[in-house]
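Worksheet: one structure, shown below.
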Amino acid sequence: NVARREFQRALEISQRNSDQASTANTLNSFGNLELAAGRQEEARKRYVEALGIYRKLAEHNPETYKPALAVTLNDFGNLDLGQNQLEDARKHYEEALNIRRELDQRNPEIYRPDLALTLNNLASLDEEQHRMDDARQRYEEALSYQRPLAEQNPEANLLPLAMTLNNLGILDFSENRLEESDQYFEDALKKYHQLVQQNPDAYLPDISGTLINLGALESSLGQTDEARKHYEEALGNYHQLDKQNPGAYSKPVAVILDDLGDLDSSQNRMEEARQHYKEAAAAGSAEGMTNLGVMYELGHGVARDYQQARQWYERAATAGNADGMSNLGGLYANGFGVVQDYQQARKWFETAEAAGSAQGMRNLGVMYENGNGVAQDNQQARQWFEKAAAAGSVPSMVHLGTMYASGHGIVQQNYQQAVEWFKKAAAAGSVEGMFNLGILYESGRGVKLDYQQARQWYEKAASKGDEQAIQRLKQMTK
């Protein structure tokens with residue numbers, strides 16, 4: 001509030017003096033303050049006014065005012081992106097980028113860091129809009145500028161370099177380029193360690209974010225000891241920060257506790273998993289609440305208790321967790337701890353689906369396939385399974401493959417379609433998808449008969465412990 005009053009006073013003075021440049025500069029800084037305080041609409045008003053003034057000034061004196069115009073455009077793009085106004089964000093970022101490319105040609109020493117910054121922002125927007133190739137190109141261009149800049153002036157340019165490396169690590173992780181992702185995260189971590197040595201309080205949040213990302217990558221690779229080490233280092237950093245600013249870091253703390261719980265669960269350390277999920281739930285994590293519900297529903301590490309499961313799912317659903325909603329629907333569909341009620345189940349599945357839950361979509365498919373609480377409808381069932389598969393549900397991919405292979409619920413049996421769905425499932429790590437592909441290649445259904453391909457798919461499934469695949473391999477060697 002003190003800062004707002006100071007900005008308001010400065011604004012009144014510059015307007016009274018008819019100083020357009022000072023007015024625009026104050027408006028942009030005022031907008032940044034409003035944005036940092038979460039007053040997004042107030043920030044928008046400030047940026048709009050600043051932008052209008054800078055445009056007029058830049059028309060008459062582009063050399064002096066184009067740099068400031070680019071700053072406001074970039075800041076405005078950040079606001080748009082935060083409000084999910086993606087096309088407006090693109091428009092503002094691209095205009096800023098064009099100006100900064102022009103400025104960089106005239107004086108790269110001064111303007112290249114700004115050019116790299118806008119490239120990074122546009123790349124983040126590209127990722128948001130699933131334009132991954134564009135995102136990679138922009139990140140890599142930004143990186144090509146930031147590496148030499150950081151060597152020349154590490155104090156000013158090491159942080160943006162570390163951020164770009166981290167962003168590329170995230171992009172590669174999302175595209176399953178795990179070796180490249182690991183290299184980027186490790187490189188980012190080295191840069192952040194240098195920064196933390198200079199100013200721990202300022203850079204601990206940044207390094208902790210990369211530690212979490214690296215832990216997630218290592219966990220996916222089965223490198224559980226390394227993952228735990230990085231998660232716990234990040235957690236220690238946040239606890240240290242929390243002492244200075246209590247409650248400010250509860251969200252990332254909850255994320256780490258959930259991740260540690262998942263890691264514990266994968267190692268069958270169920271009591272530790274329960275404790276981590278409970279701490280995450282206490283920190284406000286709806287995911288932690290859902291995970292506790294799953295433990296009680298399935299009896300993993302605790303005595304099976306459907307009432308406890310229902311209570312945790314209800315808390316998670318109230319907090320907006322889509323999987324909690326879907327799991328709550330599952331209790332009603334099966335009559336676990338409640339009177340079986342398909343209408344309640346359908347209500348929760350539909351609520352979960354509306355919140356983006358692939359599991360909710362799949363459960364609706366099961367309801368229509370079996371005619372539970374709805375008229376049996378194979379076409380509706382298939383549509384829900386397809387929607388769930390498109391949202392990433394691997395069991396739905398396998399189910400669709402089985403439907404096409406058997407002809408169940410499909411207008412016509414189609415082995416080619418079955419092959420495509422099993423390949424998608426296998427690519428997502430499904431052992432069942434791998435095994436079924438082995439069967440189809442061995443029998444020549446939907447594909448050309450190919451025993452070598454069949455063996456390869458059985459070997460992949462067997463390497464993950466699938467007994468059926470192990471038996472098929474034994475039979476093939478007789």
Side-chain angles (χ1 to χ4, degrees), residues 1-7 29-43 78-79 81-83 158-159 162-163 166 170 185 188-189 191-216 219 227-265 269 271-293 295 311-321 323-324:
N1 287 334
V2 172
R4 292 188 85 228
R5 284 196 296 270
E6 290 300 319
F7 272 120
S29 298
F30 206 166
N32 291 341
L33 175 70
E34 301 284 25
L35 182 58
R39 293 187 286 265
Q40 295 174 323
E41 290 312 311
E42 290 299 317
N78 293 339
L79 170 63
L81 183 58
Q83 291 190 301
L158 201 57
L159 176 60
M163 292 171 68
N166 183 67
I170 293 169
F185 286 146
L189 208 55
K191 306 298 186 283
Y192 280 132
H193 274 303
Q194 289 177 247
L195 291 163
V196 167
Q197 287 173 2
Q198 299 166 21
N199 191 339
D201 292 344
Y203 298 115
L204 276 179
D206 297 298
I207 194 172
S208 298
T210 298
L211 286 164
I212 294 170
N213 293 335
L214 186 55
S219 181
R228 188 176 298 278
K229 181 186 77 172
H230 287 126
Y231 284 146
E232 289 179 347
E233 184 181 346
L235 189 61
N237 290 343
Y238 282 123
H239 283 323
Q240 182 178 332
L241 289 163
D242 193 62
K243 291 175 183 176
Q244 303 162 23
N245 195 352
Y249 297 97
S250 58
K251 286 185 179 179
V253 165
V255 169
I256 298 170
L257 290 167
D258 277 324
D259 289 340
L260 280 167
D262 292 343
L263 197 61
D264 294 329
S265 185
R269 297 162 63 165
E271 178 52 33
E272 291 170 74
R274 187 185 70 82
Q275 190 58 40
H276 279 130
Y277 289 145
K278 192 173 180 181
E279 289 177 28
S285 167
E287 187 175 353
M289 298 170 196
T290 298
N291 287 330
L292 280 166
M295 291 188 76
Q311 288 170 16
W312 282 114
Y313 288 151
E314 285 175 347
R315 287 183 60 182
T318 301
N321 184 269
D323 287 337

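With hydrogens and angles disregarded, no donor-acceptor distance shorter than 3.5 Å links the side chain of S265 to the backbone of G261. Side-chain N or O atoms of N291 include one that pairs as donor or acceptor with a backbone N or O of E287 at under 3.5 Å.
Applying the salt bridge (Lys or Arg N to Asp or Glu O under 4.0 Å) rule to E42 yields the partners K45; only residues at least two apart in sequence or on another chain are considered. With sequence neighbours excluded, no residue satisfies side-chain hydrogen bond (donor to acceptor under 3.5 Å, both in side chains) with Q198. Applying the salt bridge (Lys or Arg N to Asp or Glu O under 4.0 Å) test to E271 and every residue at least two apart in sequence or in another chain returns R274. Partners of R315 by salt bridge (Lys or Arg N to Asp or Glu O under 4.0 Å), not counting sequence neighbours: none found. With sequence neighbours left out, the side-chain hydrogen bond (donor to acceptor under 3.5 Å, both in side chains) criterion links D258 to S285.
Defined by atom type and a distance below 3.5 Å, a donor-acceptor pair is missing between the side-chain atoms of D323 and T290. A donor and an acceptor atom, one from each side chain of Y277 and D262, are located under 3.5 Å apart.
Nearest heavy-atom pair, F7 versus S29, reported as atom, atom and distance to 0.1 Å: CE2-CB, 3.5 Å. A316 approaches A286 most closely through the heavy-atom pair CB-O, 3.6 Å. When every heavy atom of A188 is checked against every heavy atom of A162, the shortest pair comes out as CB-O, 3.6 Å. The shortest non-hydrogen separation linking S219 to Y231 is CB-OH, 4.3 Å. The minimum heavy-atom distance between M163 and Y192, with the atom names listed, is CG-OH, 3.4 Å.
Using a 4.5 Å cut-off on side-chain heavy atoms (C-beta onward), E34 and R4 make contact.
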Begin from the C-alpha positions of V253 and D242 and carry the test side chain to side chain contact (heavy atoms under 4.5 Å, CB included) through to its verdict.
-> CA-CA 10 Å; V253 165; D242 193 62; over 6 Å; no
Apply side chain to side chain contact (heavy atoms under 4.5 Å, CB included) to the pair Q83 and E41, showing each step before the final yes or no.
-> CA-CA 10 Å; Q83 291 190 301; E41 290 312 311; 2.9 Å; yes
Apply side chain to side chain contact (heavy atoms under 4.5 Å, CB included) to L235 and L260, showing your working.
-> CA-CA 10 Å; L235 189 61; L260 280 167; 4.1 Å; yes
Show your working on side chain to side chain contact (heavy atoms under 4.5 Å, CB included) between L189 and N166 and close with a plain yes or no.
-> CA-CA 8 Å; L189 208 55; N166 183 67; over 6 Å; no
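Within the structure, every pair that satisfies the side-chain hydrogen bond (donor to acceptor under 3.5 Å, both in side chains) test and touches residues 243-257, not counting sequence neighbours, is listed here: D201-Q244.
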